[in-house]
Amino acid sequence: MTTFKDRSEVFAELGTRLSIAEVFETLIDGEIPIRLKAYDGSATGPETSPYTLEIKTPRGINYLASAPGDLGMARAYIAGDMVTEGVHPGDPYDILKAMQAMKFHRPSALSLVTIARSLGWERLKPIAPPPQETLPRWRRIALEGLRHSKTRDAEAIHHHYDVSNKFYEYVLGPSMTYTCAVYGEPDWTLEQAQENKYRLIFEKLRLKEGDRLLDIGCGWGGMVRYAARRGVKVIGATLSAEQAAWAQQKIAEEGLSELAEVRHSDYRDIPEGEFDAVSSIGLTEHIGVHNYPFYFGYIKDKLRDGGLFLNHCITRPDNTRTTKAGDFIDRYVFPDGELIGSGRIISDIQNIGLEVLHEENLREHYALTLHEWCKNLVENWDACVAEVGEGTAKVWGLYMAGCRLGFQRNVVQLHHVLGVKLGSDGAWTVPLRPWWQP
């Protein structure tokens, strides 16, 4: 008896061409959880599904066929050749969650021939990606230098953060904080949770009036201003020119210029030292795992004896997988981004002579944060599209909704690691038990 899944081999023998829907049926194992439609009029999947994915043009097939997986689907979606129904482009979370059940398998050689003949051989040819896509890693070397050189890091940060300050204001809200918030309760507002995050870091670092803080990878200066309002002298560093300009303006508006400064600078070029504390909130993802020893060594060199540091970063749930981000994230969101488990981070901190005092996982907090960012994008969709274009706005909706799902499924985590630079006598300068409010 011929099964549903081997129909392409039967059709190959008969010389029959498959519809696009039949091609999908050939490639997907088990039930199709959403409605799939195509420009040739074919469709498959449950008619009652609240979610539909439709390929509108032959170019969409080019994207899907020439880059199988998340990159090809992202190209077709961002370019407008594949559209969704039942979700808003600012928050496609529900259809992404439904699509988790779709399991693709590699067809036989005979099936591939049938599929290629059915779609047309010209559909297999690579075509130019949407303009929002950056170069593949191997081509960046020629144009931007080696991975995690100062020049290439600056270009990677420019690609992601210099989109538009106004766009980020719409998405991130008044705090302009583009890192995981910390919730006391699930129903807290985003602003409450972001303020609580800064409060938690401030308390973990035991900062007080008159102390000196270095905040590396400071973004729009949220931690810088929070600490300065409490009498701490702060230097922030960011590779994004737009972030630095926005942050400096806010510092001036709040009358904090005598205490706070945000520099458009590579953190490696900050000459000052002997800080009471160093915070790194969302930078570690950008520096490259092989650079961890230098990075944590740099933090050690910047601290006085007894000084505290806190590293806040996205991690993998283990230390065994590849460190590289997936194709979509690497080409559209975080070029050259790398992740590893918290165990590797803690090991490298310890190996350069810093002591780890405390570690915690805030994974579920990031899922809540991303939900709120998507909500903001949906509510401000028209303004965001007017500011950066529909393609870029769709990149952000897809990226944030996909990341929310990743945090919920434990594909990625978010860890705080608190540590201290010991003096030569190895004595603690901190209380015996945690001194901060959770």
Side-chain angles (χ1 to χ4, degrees), residues 148 150 198-218 223-224 226-228 230-238 259-263 265-313 315 319 340-362 415-438:
H148 302 302
K150 289 182 180 180
Y198 290 132
R199 188 273 312 163
L200 178 63
I201 294 173
F202 188 90
E203 290 185 6
K204 283 183 174 181
L205 292 173
R206 301 191 74 211
L207 288 165
K208 62 185 184 302
E209 186 174 350
D211 280 350
R212 297 174 64 242
L213 169 68
L214 174 62
D215 186 33
I216 54 179
C218 68
M223 184 69 203
V224 171
Y226 184 95
R230 288 151 183 82
V232 175
K233 299 176 182 178
V234 194
I235 295 173
T238 173
L259 290 170
E261 176 188 4
V262 168
R263 299 177 186 173
S265 169
D266 191 295
Y267 75 91
R268 291 164 283 197
D269 295 329
I270 300 296
E272 292 88 345
E274 290 294 303
F275 289 93
D276 297 288
V278 174
S279 54
S280 174
I281 309 172
L283 176 63
T284 317
E285 301 91 331
H286 297 287
I287 66 170
V289 173
H290 72 282
N291 289 324
Y292 282 3
F294 171 85
Y295 171 66
F296 292 118
Y298 169 88
I299 290 175
K300 180 182 179 183
D301 291 343
K302 292 298 174 183
L303 286 169
R304 64 166 175 80
D305 286 353
L308 296 169
F309 71 93
L310 186 133
N311 194 74
H312 164 129
C313 77
T315 69
N319 301 280
I340 194 63
S342 58
R344 172 66 180 271
I345 292 170
I346 290 172
S347 292
D348 282 342
I349 289 171
Q350 293 170 329
N351 289 344
I352 57 92
L354 292 168
E355 182 173 16
V356 173
L357 297 171
H358 185 268
E359 187 275 344
E360 66 175 313
N361 182 4
L362 300 169
H415 284 261
H416 271 196
V417 179
L418 175 68
V420 62
K421 178 182 178 179
L422 297 173
S424 57
D425 60 0
W428 272 11
T429 56
V430 296
L432 292 175
R433 298 297 299 155
W435 51 88
W436 58 89
Q437 293 295 317

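Values reported hereafter were calculated over all heavy atoms of this structure, with side chains retained and with hydrogens, waters and symmetry mates removed.
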Least distance between heavy atoms, [X] atom then [Y] atom:
X      : Y      : answer
Asp215 : Ser279 : OD1-OG, 2.7 Å
Ala228 : Val234 : N-CG2, 4.0 Å
Pro293 : His290 : CD-O, 3.6 Å
Val224 : Cys218 : CG2-CB, 4.1 Å

Return each pair, listed once, that meets side-chain hydrogen bond (donor to acceptor under 3.5 Å, both in side chains) where at least one residue sits in [range]; pairs must be two or more places apart or across chains.
range            : result
residues 422-438 : Glu355-Trp428
residues 198-211 : Thr177-Tyr198, Asn196-Arg199, Arg199-Glu203, Lys204-Glu360, Lys204-His416, Lys208-Asp211
residues 341-351 : Arg344-Asp348

*Under the side-chain hydrogen bond (donor to acceptor under 3.5 Å, both in side chains) rule, collect the residues that match up with Glu274, sequence neighbours excluded.*
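If we apply the side-chain hydrogen bond (donor to acceptor under 3.5 Å, both in side chains) test to Glu274, skipping adjacent residues, there are no hits.
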
_By ring pair (Phe, Tyr, Trp, His ring centres under 6.0 Å) - contacts of Phe275 (at least two apart)_ =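 Residues passing ring pair (Phe, Tyr, Trp, His ring centres under 6.0 Å) with Phe275: none at all.
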
*List for me each residue that meets ring pair (Phe, Tyr, Trp, His ring centres under 6.0 Å) alongside Tyr295, sequence neighbours excluded, and say none if there are none.*
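Partners of Tyr295 by the ring pair (Phe, Tyr, Trp, His ring centres under 6.0 Å) criterion, ordered by chain and then number, come out as Tyr267.
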
*Contacts of type side-chain contact (heavy atoms from CB on, under 4.5 Å), residue Ala277, not counting sequence neighbours*: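 Applying side-chain contact (heavy atoms from CB on, under 4.5 Å) to Ala277 gives Leu205, Leu207, Leu213.
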
_Partner residues of Lys421 under the side-chain contact (heavy atoms from CB on, under 4.5 Å) criterion, sequence neighbours left out_ =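 With sequence neighbours excluded, Lys421 shows a side-chain contact (heavy atoms from CB on, under 4.5 Å) to Lys300, Leu303, Asp305, Leu354, given in chain and number order.
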
*asked:* The test is side chain to side chain contact (heavy atoms under 4.5 Å, CB included); show your working for Phe296 and Ile345 and say whether it passes.
replied: CA-CA 9 Å; Phe296 292 118; Ile345 292 170; 3.8 Å; yes

*Residues which pass salt bridge (Lys or Arg N to Asp or Glu O under 4.0 Å) with Arg230, listed by chain and number, not counting sequence neighbours*: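 Checked Arg230 against salt bridge (Lys or Arg N to Asp or Glu O under 4.0 Å); matches are Glu195.
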
*The single option from Lys233, Arg212, Arg304 passing salt bridge (Lys or Arg N to Asp or Glu O under 4.0 Å) against Asp276*: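 That would be Arg304.
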
*Dump the intermediate steps for side chain to side chain contact (heavy atoms under 4.5 Å, CB included) on Leu308 and Leu310, then the final yes or no.*
CA-CA 7 Å; Leu308 296 169; Leu310 186 133; over 6 Å; no

